[in-house]
Amino acid sequence: MSFYYIGIIFLANNWSTYLCLFLFTLLAVYLSSIKMGFFIRGVRPLIWLILFTVLLQVFFTRGGKVFWSWGPIVLSQYGLVNGVYIFMRFVLIIFMSTLLTLTTPPLSLADAIEAILKPLRVVRFPVYEVALMLSIALRFVPTLMDETEKIMNAQRARGVDFGEGNLFQQMRAVVPLLIPLFVSSFNRAEDLAIAMEARGYQGGEGRSKYRILTWHYRDTFVVLAFIALTGILIWLRA
């Protein structure tokens with residue numbers, strides 16, 4: 001449903017529709033019993049990307065009253081409105097994605113995506129391989145974070161300051177961090193592939209599952225809530 005939510009966000013085109021989406025998202029956050037600080041921290045790593053996208057919308061969107069212009073750069077009424085809409089869209093997507101990752105185990109996510117993609121087996125789409133790659137990627141995220149912390153500590157011991165200088169200097173300081181991280185990731189991937197081949201892994205066809213996905217009444221409630229949200233957004237669209 002998170003993918004569906006990201007899709008219906010693009011139905012919002014005015015203040016009332018975005019207000020409805022924010023209220024729906026805040027209600028979901030409240031029902032999850034997760035502190036708002038986790039969601040705020042989810043926005044922080046992407047704040048520069050969000051601001052860059054917002055500035056592009058603000059200064060390169062024409063329409064409405066023009067407040068300031070300089071060559072191709074224009075600060076207009078439509079630009080400001082679109083910038084605010086883009087910012088809210090990013091925040092809503094990050095909040096819902098954070099809610100998904102904090103409330104759903106990674107293996108359950110992989111099983112769910114495998115179940116969704118199963119009809120594509122008719123066209124010989126590698127469903128089991130995609131689900132396996134996703135589960136492995138999610139499994140090794142904490143490992144990569146630990147590895148990154150170790151490499152950063154080693155670089156700091158050699159005199160590297162990751163928070164010194166302007167933005168470009170800080171980005172340049174990250175390069176010595178990425179190279180050993182990529183080398184370590186490729187070595188770990190090769191070791192994992194050899195281990196899987198040694199155990200005779202041949203894909204998921206015909207294999208039984210320890211975790212069986214079942215439909216609960218809560219799933220029905222969530223589906224009905226999203227259908228109602230979609231109807232309200234269509235009704236509120238200008």
Side-chain angles (χ1 to χ4, degrees), residues 1-32 34-104 109 112-113 116 134 137-138 141 145 162-163 165-172 174 178 222-223 225-238:
M1 298 308 295
S2 296
F3 295 110
Y4 180 80
Y5 177 84
I6 294 173
I8 64 175
I9 280 179
F10 294 93
L11 291 176
N13 65 344
N14 53 40
W15 298 108
S16 57
T17 50
Y18 277 103
L19 177 62
C20 179
L21 284 171
F22 260 105
L23 292 176
F24 182 87
T25 306
L26 291 177
L27 177 61
V29 171
Y30 173 76
L31 293 176
S32 68
I34 300 174
K35 294 181 180 180
M36 183 61 69
F38 287 100
F39 298 91
I40 304 268
R41 286 194 290 270
V43 176
R44 286 178 182 172
L46 298 175
I47 190 64
W48 293 110
L49 175 63
I50 296 173
L51 292 178
F52 176 74
T53 308
V54 169
L55 289 177
L56 287 179
Q57 290 291 327
V58 169
F59 290 110
F60 291 96
T61 301
R62 299 174 180 269
K65 184 179 179 181
V66 176
F67 303 105
W68 176 79
S69 65
W70 183 65
I73 302 176
V74 177
L75 181 63
S76 64
Q77 180 182 357
Y78 285 179
L80 290 173
V81 172
N82 283 338
V84 175
Y85 286 170
I86 291 294
F87 180 80
M88 291 191 294
R89 192 173 294 171
F90 267 109
V91 172
L92 288 170
I93 291 174
I94 293 173
F95 270 39
M96 188 57 68
S97 302
T98 305
L99 181 63
L100 173 66
T101 55
L102 290 177
T103 57
T104 309
L109 284 175
I113 291 180
I116 293 173
L134 178 61
L138 294 174
V141 166
M145 295 297 292
F162 293 100
N166 55 35
L167 179 61
F168 294 101
Q169 291 173 340
Q170 294 180 25
M171 292 174 61
R172 193 182 311 159
V174 176
L178 295 177
V222 171
V223 170
F226 273 96
I227 292 175
L229 176 64
T230 305
I232 293 173
L233 292 178
I234 295 175
W235 179 60
L236 293 176
R237 279 173 61 91

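All values below were derived from every heavy atom in this structure, side-chain atoms included, with hydrogens, water molecules and symmetry-related copies excluded. Numbering of residues begins at 1 and proceeds along the displayed sequence. Note that this is a predicted model, so its numbers are computed, not measured.
- Among residues two or more places apart in sequence or in another chain, the ring pair (Phe, Tyr, Trp, His ring centres under 6.0 Å) test is passed with Phe24 by Phe226.
- For the atom pair OG1 (Thr17) and CD1 (Ile9), the distance works out to 11.0 Å, reported to the nearest 0.5 Å.
- Classification of the Tyr18-Tyr85 ring pair by plane angle, with boundaries at 30° and 60°, yields parallel.
- Every residue was checked against the side chain to side chain donor-acceptor pair (under 3.5 Å) condition with Thr98, not counting sequence neighbours, and none meets it.
- A distance of 5.5 Å separates CG in Leu233 from CD1 in Ile8, rounded to the nearest 0.5 Å.
- To the nearest 0.5 Å, the span separating CG on Leu26 from CG on Leu21 amounts to 11.0 Å.
- Contact of the Arg89 side chain with the Leu92 side chain is not registered, since no non-hydrogen atoms from C-beta on lie closer than 4.5 Å.
- In this structure, Val223 and Tyr4 have side chains that are not in contact, with every pair of non-hydrogen atoms separated by 4.5 Å or more.
- Side chains of Leu11 and Thr230 form a contact here, defined as non-hydrogen atoms less than 4.5 Å apart.
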